[in-house]
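Reviewing the structure listed below.
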Amino acid sequence: MEEDIDTRKINNSFLRDHSYATEADIISTVEFNHTGELLATGDKGGRVVVFQREQESKNQVHRRGEYNVYSTFQSHEPEFDYLKSLEIEEKINKIRWLPQQNAAYFLLSTNDKTVKLWKVSERDKRPEGYNLKDEEGRLRDPATITTLRVPVLRPMDLMVEATPRRVFANAHTYHINSISVNSDYETYMSADDLRINLWNFEITNQSFNIVDIKPANMEELTEVITAAEFHPDHCNTFVYSSSKGTIRLCDMRASALCDRHTKFFEEPEDPSNRSFFSEIISSISDVKFSHSGRYIMTRDYLTVKVWDLNMENRPIETYQVHDYLRSKLCSLYENDCIFDKFECVWNGSDSVIMTGSYNNFFRMFDRNTKRDVTLEASRENSKPRAILKPRKVCVGGKRRKDEISVDSLDFSKKILHTAWHPSENIIAVAATNNLYIFQDKVN
């Protein structure tokens with residue numbers, strides 16, 4: 001990050017009108033593709049919206065970086081499990097892009113039970129001059145065909161099509177919380193509360209179970225899997241986190257079933273901080289490898305931690321996201337906010353990390369300068385190229401003019417999902433049913 005980490009410009013924002021927003025409009029995942037040219041969001045209504053970055057023109061240099069809607073499609077529909085009498089929500093839990101191999105784009109999307117592979121492609125030509133069909137597509141009587149025609153391609157208005165190429169179903173008893181594409185680009189994994197499965201992209205009717213922590217007696221269950229991710233370079237290595245605040249690094253070369261971890265990351269608890277809520281707030285909601293593959297970042301309720309793969313006993317960095325909420329844990333427990341699952345992301349060079357908070361605040365921590373900043377994603381400052389001002393939360397009685405009291409924070413407004421462009425300082429922040437895209441200040 002540059003010196004002016006605390007001054008960011010809004011580049012663009014995708015806003016839905018609050019008066020018409022429904023539960024289905026709430027954004028549940030945000031993900032840039034590998035080049036950053038596309039940005040996908042999934043929502044609770046099972047829809048996927050893909051945004052494409054505008055190309056820079058000589059006339060409008062400042063427009064470079066703006067994202068406009070490229071494709072919208074219904075990825076998942078609500079289902080009903082008749083055997084268990086359970087309703088399966090259409091909500092998109094995660095989206096993961098595959099690296100682009102040709103003109104088309106491919107992405108994985110998942111709800112609680114089913115993963116789908118989607119192809120997003122463009123069509124600007126249509127074939128005409130069929131022999132066996134007329135121009136409306138109806139079959140012709142073979143007896144009337146007396147000449148042979150050569151079909152030709154005619155130009156047409158550009159059309160973006162989203163088609164499901166694979167459906168990976170019936171492999172998870174519990175809710176899927178993570179999907180991660182392997183660096184071999186032939187396999188991916190899906191994780192639920194108790195199991196992690198390994199899939200081949202070409203095989204939809206079977207998967208390989210690589211982690212199973214389900215006890216023989218469910219009354220002995222002490223923890224669940226909360227997130228999982230493959231190493232960015234080593235196709236045999238992955239990590240998964242648990243509700244107990246632990247991270248396990250597994251190597252698929254060691255054994256087929258990775259029940260025995262290769263490394264176990266856990267920070268000893270400080271007895272002075274022990275409370276009724278300790279176990280709940282230590283649960284890890286997100287785990288991410290750095291782009292270099294050297295570090296792991298984890299997010300629990302109050303902190304973001306960075307772990308070195310070579311040091312298992314404690315994190316090398318701990319960042320307090322909203323430590324001022326420590327005194328409010330009782331009321332946060334009563335309104336269920338304490339169970340919110342915040343995500344965390346690295347910037348392209350692994351030097352800055354970002355995560356969300358309440359009141360539509362999101363936090364950035366510069367690992368080199370140790371500076372941090374709190375910014376707000378709100379409709380008030382959503383004018384194009386408006387400068388974001390840092391926000392501060394005060395805990396005590398006296399409050400400065402530019403500060404906000406911890407007692408006046410809005411806990412219904414929360415930033416759970418964020419994404420960072422893989423190579424530039426462009427970020428996407430999902431605030432309930434609104435998507436904000438911010439860009440670093442350009443001089």
Pairing of D286 and K341 as salt bridge, 4.0 angstrom limit: no
Side-chain donor or acceptor of D184 paired with backbone N/O of T187 under 3.5 Å: yes
Side-chain H-bond candidate by donor/acceptor type, D81 with S85, under 3.5 Å: no
For Q100 against A103, the heavy-atom pair lying closest together: NE2-O, 3.5 Å
With sequence neighbours excluded, residues passing side-chain hydrogen bond (donor to acceptor under 3.5 Å, both in side chains) with E90: none
Ring center gap for F51 and F32 short of 6.0 angstrom: no
Side chain to side chain donor-acceptor pair (under 3.5 Å) evaluation trace for S190 with H172: CA-CA 9 Å; S190 56; H172 285 277; 2.6 Å; yes
Results of salt bridge (charged side-chain N to carboxylate O under 4.0 Å, His left out) for D410 - residues two or more places apart only: none
Validation row: N209, V211 side chains within 4.5 angstrom (heavy atoms): no
T110 side chain to N93 backbone, donor-acceptor under 3.5 Å: no
For I95 against L107, the heavy-atom pair lying closest together: CG2-CD1, 4.2 Å
Set of residues satisfying side-chain hydrogen bond (donor to acceptor under 3.5 Å, both in side chains) with respect to S207, sequence neighbours excluded: none
Main-chain N/O of Y188 paired with N182 side-chain donor or acceptor, under 3.5 Å: no
Side-chain donor or acceptor of S121 paired with backbone N/O of A104 under 3.5 Å: no
SB check K328 E334 (cutoff 4.0 Å): no
Test item: V304 and M297 side chains (from C-beta on) under 4.5 Å apart, heavy atoms: yes
Residue pair V181 / L108, side-chain heavy-atom distance below 4.5 Å: yes
Step-by-step side chain to side chain donor-acceptor pair (under 3.5 Å) determination, N200 to E186: CA-CA 6 Å; N200 187 296; E186 291 181 8; 5.0 Å; no
Non-hydrogen atoms of P390 and V373 that approach each other most closely: CB-CG2, 3.8 Å
SB check R53 E66 (cutoff 4.0 Å): no
Over 12 foreign heavy atoms within 6.0 Å of CZ, F80: yes
Q74: partners by side-chain contact (heavy atoms from CB on, under 4.5 Å), with sequence neighbours left out: R47, E77
Those residues that, when tested against R363, pass salt bridge (charged side-chain N to carboxylate O under 4.0 Å, His left out) (two or more places apart): D372
Pairing of E269 and R274 as salt bridge, 4.0 angstrom limit: yes
Any donor-acceptor pair under 3.5 Å from K413 side chain to Y358 backbone: no
Check: G46 main-chain N/O paired with N111 side-chain donor or acceptor under 3.5 Å: no
Atom pair CZ/NZ of R314 and K305 - distance to nearest 0.5 Å: 12.5 Å
Student check: side-chain heavy atoms of D193 and N177 closer than 4.5 Å: yes
Ring centers of F362, F438 separated by less than 6.0 Å: yes
W97 to E31 - nearest heavy-atom pair and separation: NE1-O, 3.1 Å
Heavy-atom donor-acceptor pair, S405 side chain to D407 backbone, under 3.5 Å: yes
Salt bridge present between E223 and R248 (N-O < 4.0 angstrom): yes
Cationic N near anionic O, under 4.0 Å, D112 to K91: no
What side-chain donor-acceptor pairs closer than 3.5 Å can you find for residues 225-232, not counting sequence neighbours?
unit_1	atom_1	unit_2	atom_2	d
T226	OG1	S241	O	3.3
T226	OG1	S241	OG	2.8
T226	OG1	I284	O	2.6
E229	OE1	F289	N	2.6
H231	ND1	D233	N	3.0
H231	ND1	H234	N	3.1
H231	NE2	G293	O	3.1

R195/D192 salt bridge by N-O under 4.0 Å criterion: no
Close side-chain approach of S285 to E343, heavy-atom, < 4.5 Å: no
Pairs where residues 102-121 contributes a residue and the test ring pair (Phe, Tyr, Trp, His ring centres under 6.0 Å) is met, not counting sequence neighbours: F73-W118
Other residues, nucleotides, ligands: >12 heavy atoms within 6.0 Å of E87 CD: no
Contacts of type side-chain hydrogen bond (donor to acceptor under 3.5 Å, both in side chains), residue S331, not counting sequence neighbours: none
Within 6.0 Å of CZ in F277, more than 12 heavy atoms from elsewhere: yes
Contact check, side chains of Y319 and K370, non-hydrogen atoms, under 4.5 Å: yes
Which pairs of donor and acceptor atoms, one on a side chain in residues 158-171, lie under 3.5 Å apart (sequence neighbours left out)?
unit_1	atom_1	unit_2	atom_2	d
E161	OE1	R123	NE	3.4
E161	OE2	R123	NE	3.3
E161	OE2	R123	NH2	3.0
R166	NE	F201	O	3.1
R166	NH2	E202	OE1	2.8

Check: Y301 ring centroid to H322 ring centroid under 6.0 Å: yes
Close side-chain approach of D340 to K414, heavy-atom, < 4.5 Å: yes
Close side-chain approach of Y70 to L39, heavy-atom, < 4.5 Å: no
Contacts of S180 that satisfy side-chain hydrogen bond (donor to acceptor under 3.5 Å, both in side chains) - sequence neighbours left out: none
Shortest non-hydrogen contact from I280 toward Y333: CD1-CE1, 3.7 Å
Exam field: side chain T246 to backbone S242, donor-acceptor pair closer than 3.5 Å: no
Flag, side chain of E376 to backbone of S378, donor-acceptor distance under 3.5 Å: no
Worked verdict on N425 versus D440 for side chain to side chain donor-acceptor pair (under 3.5 Å): CA-CA 6 Å; N425 279 335; D440 225 355; 2.9 Å; yes
Partner set under ring pair (Phe, Tyr, Trp, His ring centres under 6.0 Å) for Y185, not counting sequence neighbours: none
Sidechain-backbone polar pair: K288 side chain, I296 backbone, donor-acceptor under 3.5 Å: no
Which residues share a side-chain contact (heavy atoms from CB on, under 4.5 Å) with D350, sequence neighbours left out: S290, H291, S292, W346, R367
Lys/Arg-Asp/Glu bridge criterion (N-O < 4.0 Å) met for K44, E23: yes
